Amino acid sequence: MIRDTLAAAVESAAAGIGLDPAAVTWTMERPARREHGDWSCNIAMASAKAAGRAPRDIAGDLVAALEQADIAHVDSVEIAGPGFVNFRLTPSWLHDVLVEVVEGGTDGYARPDVGAGTKVNIEFVSANPNGPLHAGHGRGAAYGDSVARIMERTGFDVTREFYLNDRGVQMARYAESLLARKRGEPVPKDGYGGEYVADWAAEMPDDVADAGIDAVRSWGYDRALADQREVLAAFHVHFDVWSSEQALVDSGAMDAALADLRERGHAYDADGATWLRSTEFGDDKDRPLLKSDGDPTYLLPDIAYHRDKFARGFDLLIDVWGADHHGYVPRMRAGIEALGHDPDEFEVPIVQIVRLEREGKEVRLSKRAGDIIELRDLIDEVGADVARLTYLLQSVDSQQAIDLDLVTSRSNDNPVFYVQYAHARIHSIMGKAAAAGIVRAPLADADLSVLTHEREIELLRTLSELPEVLTRAARERAPHTVTNWVRELADRFHGFYHDCYVIGDVPADLTQARLWLVDAARVGFAIGLDLLGVSAPESM
RNA sequence: GCCCUCGUAGCUCAGUCGGAUAGAGCGACCGCCUCCUAAGCGGUAGGCCACAGGUUCGAUUCCUGUCGAGGGCACCA
């Protein structure tokens with residue numbers, strides 16, 4: 001890559017004038033402003049203190065040395081601002097990018113090895129199996145799955161996992177609520193009042209209800225899980241592993257975890273309960289593992305669960321949690337440290353809440369669920385692609401308001417259609433070319449040097465940024481940076497489409513080169529949209 | 001009271017591992033279809049990057065505090 005070429009040239013030049021490039025941290029980056037060239041290096045400023053010289057003075061020597069070196073694609077090197085060394089390149093470097101994109105294709109282009117084979121377990125959604133998924137789960141599902149896709153592409157060995165809290169008080173209340181509804185009675189206090197409970201109770205066979213609360217719970221569990229699986233499938237999210245809390249209890253894994261904690265001296269008995277000494281690991285207070293009635297709290301099975309994940313050989317555990325659970329992070333991390341693991345091996349991205357609005361007012365999409373907005377209804381209304389891209393439009397750190405009027409509108413202010421339309425135009429061009437009997441010659445025969453139009457250059461420049469974007473998206477677990485890139489690619493493509501006709505009154509060699517450029521854009525959209533879990537239509 | 005996330009253009013949001021004149025889309029206003037879909041393209045206007053200190057050659061970015069929004073604070077998950 002060009003960046004490496006330039007960095008190597010800088011290192012060599014720096015060494016040549018008596019600096020030690022390895023001793024300072026410096027960067028080779030794309031300047032924010034185009035006037036500052038194509039690539040910019042801050043090594044002169046970074047070395048100033050150690051060298052005891054003025055940054056611009058060092059930069060001057062560097063530029064002189066770099067001008068002597070014959071570096072591929074470099075048009076000029078100059079000093080700018082406080083001491084930046086800026087490189088201006090000839091368009092040829094972007095023609096090389098085009099070849100790289102087309103030859104690499106969807107599978108081969110932009111595969112930076114960030115993970116180096118790290119085994120990572122990404123646990124997300126993990127909704128309780130006692131009701132349908134809601135819009136908040138949708139954001140977590142879109143995020144978790146997209147992070148998984150990005151990490152897979154960047155050299156991580158990824159497992160997608162769903163944890164089932166199929167044990168405990170919540171499940172008991174759910175079963176009681178189902179049974180009460182089945183019998184036409186009001187749901188008990190602290191029960192589940194959503195209309196889906198009544199609907200599902202109506203579906204429940206009489207013999208299940210007659211068989212008692214355990215049978216009802218079991219039936220209700222299956223019913224809820226089937227519902228969630230169905231919606232996730234419609235959302236194009238799949239899981240490799242479904243783990244059960246109850247199974248951890250039944251297998252003795254939970255007891256083993258507690259014994260482990262005791263052995264390590266991080267668990268103790270007091271006030272009739274058993275406690276985790278989480279304060280030892282930075283938590284505010286110690287947390288109960290076993291309640292005073294002897295039943296486990298949710299924390300102990302969770303610790304056992306994470307212990308199990310590590311036992312399965314994962315180097316890194318990522319739990320995607322909703323904002324309402326963030327206070328739980330310190331004790332979970334404490335539990336992991338208590339088991340002897342490095343806290344850096346456990347990460348918890350927090351997904352902030354989602355609000356759905358119509359005409360500026362909060363809406364409740366579901367008539368059935370009462371107080372929840374079902375993911376199913378959202379998908380039914382806008383489609384899985386639109387829902388996913390919309391969720392991934394912004395960072396999960398900030399709260400999100402989804403305007404349903406906007407999202408369903410077929411207008412300029414809808415970013416989903418903007419991107420999809422750009423993609424559709426690619427196929428429109430290819431279709432026109434085929435209809436006109438134009439055959440795309442082999443890439444090796446195309447003269448890419450004719451691609452010099454500002455729009456063509458900008459389009460290629462955006463394509464060239466994808467490896468860096470993916471590196472960052474993977475490190476920061478930030479799918480929205482990919483969304484931003486895809487939007488920019490769409491922006492560049494629309495501009496190109498508008499000003500640069502591929503077919504029509506253009507020379508044959510330009511048509512050929514542009515057809516390859518269009519194909520490169522297609523590869524870019526295919527990679528980007530796939531990472532977001534969004535398919536793109538070939539026509540609209 | 002303590003902890004977490006957020007506060008950037010009228011609106012919705014990027015950017016922030018410290019860098020050169022802070023970006024996009026929408027909305028507003030002005031333009032562009034004899035030619036691959038105008039679901040598009042171009043232009044103009046619009047900012048004390050919540051506020052106050054600190055660190056630094058340099059802070060929207062890092063640290064501290066204040067204010068505001070949201071969320072969480074053992075035996076619900």
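Residue numbers start from 1 in every chain, and the chains themselves are labelled A, B, ... in the order their sequence lines are given, proteins ahead of strands. Keep in mind that what you see is a predicted model, and the values were worked out from it rather than measured.
A gap of 27 Å separates the P atoms of rU12(B) and rA20(B), to the nearest Å. Comparing the same atom, P, in rA14(B) and in rC6(B) gives a spacing of 10 Å after rounding to whole Å. Using P as the reference atom, rA77(B) and rU60(B) are 47 Å apart when rounded to the nearest Å. Taking atom P on both nucleotides, rG71(B) is separated from rC57(B) by 43 Å, rounded to a whole Å. Across rC62(B) and rG18(B), the matching P atoms stand 8 Å from one another, rounded to whole Å. Rounded to whole Å, the separation between the C1' atoms of rG27(B) and rA45(B) comes to 12 Å. For the C1' atom pair drawn from rG65(B) and rC73(B), the interatomic distance equals 23 Å after rounding to whole Å. When the C1' atom is compared between rG54(B) and rU61(B), the two are found 15 Å apart, to the nearest whole Å.
By the stacking rule of 5.5 Å between ring centres and under 30° between planes, His480(A) does not stack on the base of rA14(B). Applying the 5.5 angstrom centroid cut-off and the 30 degree plane-angle cut-off, the aromatic ring of His325(A) is not stacked upon the base of rG72(B). Phe84(A) qualifies as a stacking partner of the rA20(B) base, centre to centre under 5.5 Å and near-parallel within 30°.
You'll find that the side chain of His36(A) is closest to rA20(B), out of rA38(B), rA20(B), rA14(B). Minimum atom distance to the side chain of Phe417(A) is reached by rA39(B), of the listed rG40(B), rA39(B), rA20(B). Closest contact between the side chain of Asp397(A) and the listed nucleotides rA77(B), rG70(B), rU5(B) involves rU5(B). The listed nucleotides are rG70(B), rC36(B), rA74(B); the one nearest the side chain of Gln399(A) is rG70(B). Which of rA74(B), rA20(B), rC13(B) sits closest to the side chain of Trp275(A) comes down to rA74(B). Comparing rC13(B), rC36(B), rC41(B) by their nearest atom to the side chain of Tyr418(A) picks out rC41(B). The side chain of Asn165(A) has rA77(B) as its nearest neighbour among rA39(B), rA77(B), rG71(B). Closest to the His494(A) side chain, of the nucleotides rA77(B), rA74(B), rC41(B), is rC41(B). Nearest nucleotide to the side chain of Asn484(A), out of rG25(B), rG70(B), rA14(B): rA14(B).
Using Watson-Crick or G-U wobble geometry with both donor-acceptor distances under 3.5 Å, rC13(B) finds its partner in rG23(B). Pairing for rA59(B) is absent, judged as Watson-Crick or G-U wobble with the two contacts each under 3.5 Å. Figure legend. rC51(B) is base-paired to rG65(B); pairs are counted as Watson-Crick or G-U wobble with both atom distances under 3.5 Å. Partner assigned to rA45(B) is none, using Watson-Crick or G-U wobble distances below 3.5 angstrom. The pairing partner recorded for rC73(B) is rG1(B), the criterion being a Watson-Crick or G-U wobble arrangement whose two distances lie under 3.5 angstrom. Across all strands shown, rC32(B) forms a Watson-Crick or G-U wobble pair with rG40(B), both key distances being under 3.5 Å.
The CH2-P distance, from Trp321(A) to rG72(B), rounds to 15 Å in whole Å. Rounded to an integer number of Å, the gap from Glu476(A) CD to rC17(B) P is 8 Å. Regarding Leu393(A), its CG atom lies at a distance of 14 Å from the P atom of rU12(B), rounded to whole Å. With rounding to whole Å, Asp324(A) atom CG is found 13 Å from rU5(B) atom C1'. Ile438(A) places its CD1 atom 13 Å from the P atom of rC36(B), with the value rounded to the nearest Å. Here rC41(B) presents its P atom at 13 Å from OH of Tyr501(A), a figure rounded to the nearest Å. Regarding Ile350(A), its CD1 atom lies at a distance of 12 Å from the P atom of rG72(B), rounded to whole Å. If you take CZ of Arg475(A) and C1' of rC17(B), they are 10 Å apart, rounded to a whole angstrom.
Residue Ala80(A) is in base contact, counting any heavy-atom pair closer than 4.0 Å across all strands shown. Ala401(A) comes within 4.0 angstrom of sugar-phosphate atoms only, judged by non-hydrogen atoms across all strands, and of no base. Leu290(A) comes within contact range of no nucleotide atom at all, as no heavy-atom separation falls under 4.0 Å. Looking at heavy-atom distances under 4.0 Å, Pro296(A) makes no contact with the nucleic acid at all. Within the nucleic acid shown, Tyr328(A) has no heavy atom closer than 4.0 Å to any nucleic acid atom. At the heavy-atom level, Asn86(A) lies under 4.0 Å from base atoms of the strands shown. Note on Cys500(A): a base of the nucleic acid sits closer than 4.0 angstrom, heavy atoms only.
A donor-acceptor pair shorter than 3.5 Å cannot be found between the side chains of Tyr163(A) and Asp319(A). Side-chain contact, Asn165(A) with Glu245(A): a donor N or O sits under 3.5 Å from an acceptor N or O. In this structure, a donor-acceptor pair under 3.5 Å is present between the side chains of Glu161(A) and Tyr305(A).
Residues His427(A) and His423(A) place their aromatic rings such that the two centres sit under 6.0 Å apart. Between Phe84(A) and His36(A), the ring centre distance reaches or exceeds 6.0 Å. Aromatic ring centres of Phe124(A) and Phe239(A): separated by under 6.0 Å.
rC33(B) has its base syn relative to the sugar, with a glycosidic angle deviating from 0 by at most 90°. Base orientation of rA74(B): syn (glycosidic angle within 90° of 0).
In this structure, Arg455(A) reaches the rG42(B) phosphate: one of its side-chain N or O atoms is under 4.0 Å from OP1 or OP2. For the OP1/OP2 pair of rA38(B) and a distance below 4.0 Å, the side-chain nitrogens and oxygens of Arg425(A) include at least one atom meeting the criterion. In this model, the phosphate group of rA14(B) is approached by a side-chain N or O of Ser398(A) to a distance below 4.0 Å at OP1 or OP2. Applying the 4.0 Å criterion to OP1 and OP2 of rA77(B), one finds that Tyr192(A) has every side-chain N and O outside that range.
Comparing Pro288(A) and Tyr497(A) by the nucleotide of RNA chain B that holds the closest heavy atom to each, the one mapping nearer the 5' end is Tyr497(A). Residues Ser292(A) and Ser539(A) each lie close to RNA chain B; by heavy-atom proximity, the contact nearer the 5' end of the strand is made by Ser539(A).
Looking at Glu468(A) and Arg30(A), a side-chain N of the basic residue comes within less than 4.0 Å of a carboxylate O on the acidic one, giving a salt bridge. A salt bridge between Asp269(A) and Arg262(A) is present, with a side-chain N of the basic residue lying under 4.0 Å from a carboxylate O of the acidic one. With respect to Arg492(A) and Glu488(A), a salt bridge is recorded, a charged nitrogen being found less than 4.0 Å from a carboxylate O. By the 4.0 Å N-to-carboxylate-O rule, Glu458(A) lies too far from Arg455(A) to be salt-bridged with it.
For Ser40(A) and rA20(B), a side-chain-to-base donor-acceptor distance below 3.5 Å is present, hydrogens and geometry of angles not being considered. For rA77(B), its base never sits under 3.5 Å from the side chain of Asn130(A) at any donor and acceptor pair. Residue-to-nucleotide contacts include a donor-acceptor pair under 3.5 Å from the side chain of His498(A) to the base of rG40(B).
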